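Single-structure report; data block below.
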Amino acid sequence: MPAKSTSNPSNAARCQHRTAAGRQCRSLADDPSSGLCPHHAVQVSVKINFREELTQNALGFQRSQGVNNSLAVLYKLLAEGSISPRRASVLAYISSLLLRTLPAIDYDNRHFGYDDDEAEGSDEGQEEDNQEAADGETLDVAAARPAAQRVPPGNEPLPATAEEFADAVLGRNPG
């Protein structure tokens, strides 16, 4: 009995798109270079980048209103069917993570006074500090440190050292 050929001439003329289950599209390929039918060729060429639309009024994702604006656009895209539910859920999850970090950013800004612009110009400021120290001027180190924060009632402050922290977390008695 002769061996069967693994390549079927009719398969070569079919669209090369495969579903998630691995099934091949039944339509004939319209363009031999891409190997796709007209329906799937349009889907590939219409890969829309939603970045601009989702970030247009996002305010750099540094305020809750900006994240809310982005989520509203995401909702609209999902309702229109322009974005897959899976991609929308991932973006919504990332947005929830961004929202959760906003209070921590506000806390840091209030208590430590860090500004993104300071990081960019830190080389210039460091040269000036070095020059002042070289001139014999003393820098007030205590003023640079944030003031100790009061711990709310019912909460205890974190231990001072890593060893004390490990002992407290692991329930060990320091000996």
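These figures come from a predicted structure and were not determined experimentally. Numbers for residues simply follow the sequence, beginning at 1.
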For [X] and [Y], indicate whether the former's side chain and the latter's backbone hold a donor-acceptor pair under 3.5 Å.
X	Y	result
S89	R86	yes
Q16	R14	yes
S70	T55	no
N57	N69	no

When you look at CD of E80, are more than 12 heavy atoms from neighbouring residues, nucleotides or ligands closer to it than 6.0 Å?
->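 Enclosed.
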Which value, rounded to the nearest 0.5 Å, describes the distance between [X] atom [atom1] and [Y] atom [atom2]?
X	Y	atom1	atom2	result
R26	C37	CZ	SG	12.5 Å
L54	F61	CG	CZ	7.0 Å
S84	L77	OG	CG	11.0 Å
L78	L71	CG	CG	11.5 Å
C15	H39	SG	NE2	9.0 Å

Are [X] and [Y] in one and the same hydrophobic cluster, where Ile, Leu, Val, Met, Phe, Trp and Tyr link if side-chain heavy atoms are under 4.5 Å apart?
X	Y	result
L91	L99	yes
L98	F50	yes
Y75	I94	no

Determine the interplanar angle of the H40 and H17 rings, folded into 0 to 90°, and report it as parallel if under 30°, tilted if 30 to 60°, perpendicular if over 60°.
->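 Correct class here is parallel.
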For the residue pair L28 and P38, what are the closest heavy atoms and their distance?
->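 Of all heavy-atom pairs spanning L28 and P38, the closest is O-CD, 4.3 Å.
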Minimal non-hydrogen separation, L102 against Q62, with atom names = CD2-O, 3.5 Å
